[in-house]
Amino acid sequence: MMKRTFLFLIGLAASLTLQAQIQVSVHETAQDQPVIPAEIYGQFSEHLGRCIYEGIWVGPDSSIPNVDGYRKDVVQALQDLKVPVLRWPGGCFADEYHWMDGIGPRENRPKLVNNNWGSTVEDNSFGTHEFLNLCELIGAEPYISGNVGSGSVEELAKWVEYMTAENGSMAELRARNGREKPWKVKYLGIGNETWGCGGDMTAQYYSDVYKRYALYSRNHGGNRLFKVACGASDYDYEWTRTLMKNAASKMDGLSLHYYTVGNWNHKGSATDFTPEEYFNTLAKAVDIDEVLTNHEAIMNAYDPQRRVALLLDEWGTWFDVEPGYNPGHLFQQNTMRDAMVAAFSLNIFQKHTARLKMANIAQIVNVLQAMILTKGSQMVLTPTYHVFRMFNVHQEATYVPSEYRCGAIVSSEGRLMDDFSACVSRNAEGVLHVSLANPRLDKPVTVELAFDQLKPKAVSGEILKADRINAYNDFDKAPEVAPATFTGAKISGKKVKFILPAASVVVLEVK
Ligand code: AHR
């Protein structure tokens with residue numbers, strides 16, 4: 001869809017002005033385009049650090065304002081975000097989670113050592129009821145990650161029955177625990193990272209394990225499960241090939257995990273980074289485009305009808321834990337760099353929806369590239385939150401093809417990326433939305449939107465930018481990164497023209 005001019009900006013020597021003008025040709029008349037699944041904006045919540053406890057759940061007796069134990073401020077922020085799907089309880093945690101420990105009177109629930117994440121002891125006060133009721137509260141589809149690593153087939157089968165059956169002893173137990181009506185549970189992950197923390201299996205062995213667990217995870221009453229096989233990490237194409245070859249006919253989806261991390265031994269600070277590190281991070285994030293394309297090509301070979309969905313059910317930046325925090329809790333700050341990663345990533349995902357049907361950023365609160373950070377009763381919205389909120393106009397909208405020529409950036413690690421990103425969609429009312437990002441730190445770019453036929457009548461928008469790329473929002477101070485109304489776009493005949501400031505993210509609405 002996009003073409004790079006042959007102008008390579010080597011590392012930081014990006015000071016040429018030649019290409020600071022981009023025309024985006026918007027083909028709003030194109031027919032038969034895919035609808036962007038809302039699930040591309042999915043979230044992930046794990047029993048890890050302060051994601052669940054303190055981040056979402058404080059319990060009904062907390063002095064922090066709550067509704068039935070859920071923090072009011074966080075629930076409101078998540079409702080505003082329009083979270084389409086929420087994955088839980090892990091992550092690595094899921095393969096050591098025994099759901100029966102998390103039901104019944106809270107005072108009777110056993111205590112659990114979280115072996116994966118800092119050996120923190122938790123009281124299981126957030127369990128199946130608390131999770132599924134949260135999903136109902138914020139309007140998200142639940143995505144349950146089942147325990148395959150250390151749990152039995154029977155345990156998973158009974159969990160599905162407990163959540164979704166109308167009759168039988170599991171349904172009766174559920175009713176005794178306060179929930180008469182079954183919940184609707186669509187997405188069921190059969191294991192997580194089964195090549196690693198979820199059982200250390202080979203792809204060949206897991207293919208059979210998958211089929212066994214999937215077989216006994218039944219559809220009860222009117223509930224229809226969408227069964228997700230555990231997929232590859234990053235560039236492990238052989239895993240995808242083996243799973244597709246052995247088990248494609250038994251799965252609805254296959255997952256993939258891709259984290260933006262430079263070096264697992266030296267991840268780098270979330271807030272203190274050089275321009276060179278900024279471009280390295282961004283270029284690594286943008287590599288997901290090629291990684292998706294390669295996994296999709298393998299899936300296409302085994303499933304040309306595209307029946308099996310690809311689900312990127314963990315993605316995002318992974319930096320060093322903030323000083324003073326438990327190293328096992330993965331708490332990191334979130335800057336305008338993360339916002340740029342989010343904007344580029346979402347624009348990429350929206351171009352892959354013929355196969356990619358879901359993406360879940362890791363994680364929703366207080367962990368990795370979070371939407372929300374909390375400290376006691378305080379809450380801040382991160383720059384990543386703002387991008388997700390601004391971009392959610394694309395949820396369930398029809399993809400509109402567009403073309404542009406832009407320049408390229410070569411990171412000092414040798415990765416090549418576009419120096420501009422744009423994606424267009426049309427919603428049910430016929431309104432166009434254009435999400436754009438300019439990653440350059442020093443150069444604004446002049447943009448013209450040119451339409452096939454549309455003669456625009458009105459344009460409005462929002463912008464996210466900050467004084468510096470490592471600006472972030474913190475407790476006890478005014479936000480440094482917050483969206484503002486964008487008034488720079490003007491209609492000129494059949495075009496919309498504007499200047500996209502350096503290091504900014506913009507979403508326009510064109511009528
Ligand atoms: O999101 C943190 C961890 O990253 C998850 O628990 C695991 O699935 C992945 O390795």
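What you see below is based on every heavy atom in this structure, not just the backbone, and it leaves out hydrogens, waters and symmetry mates. One-based numbering, in listed order, for ligands and for the atoms of each. One-based numbering along the sequence shown.
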Asker: For V367, which part has a heavy atom under 4.0 Å from ligand 1: side chain, backbone, both, or neither?
Answerer: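 Contact part for V367 vs ligand 1: neither.
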Asker: Going by atom types only, do E96 and N115 share a side-chain donor-acceptor pair under 3.5 Å?
Answerer: yes
Asker: Heavy-atom contacts with Q363 under 4.0 Å: which atoms of ligand 1 show up? List them by number with element.
Answerer: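 The list of qualifying atoms is 1 (O), 2 (C).
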Asker: For ligand 1, is there an atom lying under 4.0 Å from some heavy atom of W117?
Answerer: yes
Asker: Using the ring centroid of each side chain, check whether H47 and Y53 are separated by less than 6.0 Å.
Answerer: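 Ring centroids of H47 and Y53 are less than 6.0 Å from each other.
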Asker: Does D68 have more than 12 heavy atoms from other residues, nucleotides or ligands lying within 6.0 Å of its CG?
Answerer: no
Asker: Take atom OH of Y237 as the centre, draw a 6.0 Å sphere, and report whether it contains more than 12 heavy atoms from other residues, nucleotides or ligands.
Answerer: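 Yes, the 6.0 Å shell around OH holds more than 12 heavy atoms from other groups.
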Asker: Using a 4.0 Å heavy-atom cut-off, say whether W315 meets ligand 1 through its side chain, its backbone, both or neither.
Answerer: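 Neither part.
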Asker: Hey, which atoms in ligand 1 end up nearer than 4.0 Å to a heavy atom of L368?
Answerer: 1 (O), 2 (C)
Asker: Looking only at distances, can you tell me whether any N or O atom of N192, backbone or side chain, sits closer than 3.5 Å to an N or O atom of ligand 1?
Answerer: yes
Asker: Who's the nearest protein heavy-atom neighbour of atom 7 (C) of ligand 1, and how far?
Answerer: E314 OE1, 3.3 Å
Asker: Do any nitrogen or oxygen atoms of F93 come within less than 3.5 Å of a nitrogen or oxygen of ligand 1?
Answerer: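 Such a contact does not occur with ligand 1.
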Asker: What atoms in ligand 1 come closer than 4.0 Å to a heavy atom of E46?
Answerer: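 It comes down to these atoms of ligand 1: 1 (O), 2 (C), 5 (C), 6 (O).
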Asker: Within ligand 1, which atoms have a heavy atom of Y259 less than 4.0 Å away?
Answerer: 1 (O), 2 (C), 4 (O)
Asker: Please report whether the ring centroid of W57 lies less than 6.0 Å from that of Y70.
Answerer: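 Yes: the rings meet the under 6.0 Å criterion.
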Asker: Number the atoms of ligand 1 from 1 as they appear, then name those within less than 4.0 Å of a heavy atom of E193, with their elements.
Answerer: 7 (C), 8 (O), 9 (C), 10 (O)
Asker: How about NZ on K477, more than 12 heavy atoms from neighbouring residues, nucleotides or ligands closer than 6.0 Å, or not?
Answerer: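 Atom NZ in K477 is packed in, count exceeds 12.
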Asker: Give the atoms of ligand 1, by number and element, whose distance to some non-hydrogen atom of C92 is under 4.0 Å.
Answerer: 5 (C), 6 (O), 7 (C), 8 (O)
Asker: Should you measure from each heavy atom of F44, which atoms of ligand 1 turn up under 4.0 Å away?
Answerer: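 The list of qualifying atoms is 1 (O).
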Asker: Assess the side chains of N133 and W183: does a donor N or O sit below 3.5 Å from an acceptor N or O?
Answerer: yes
Asker: Examine Y162 together with W99 and report whether their ring centres are nearer than 6.0 Å.
Answerer: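 Yes, the ring centres sit under 6.0 Å apart.
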Asker: Is the number of heavy atoms from other residues, nucleotides or ligands within 6.0 Å of NZ (K250) greater than 12?
Answerer: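 For K250, atom NZ is not crowded (no more than 12 foreign heavy atoms under 6.0 Å).
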Asker: Any N/O of H257 closer than 3.5 Å to an N/O of ligand 1?
Answerer: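 No, there is no polar N/O contact under 3.5 Å.
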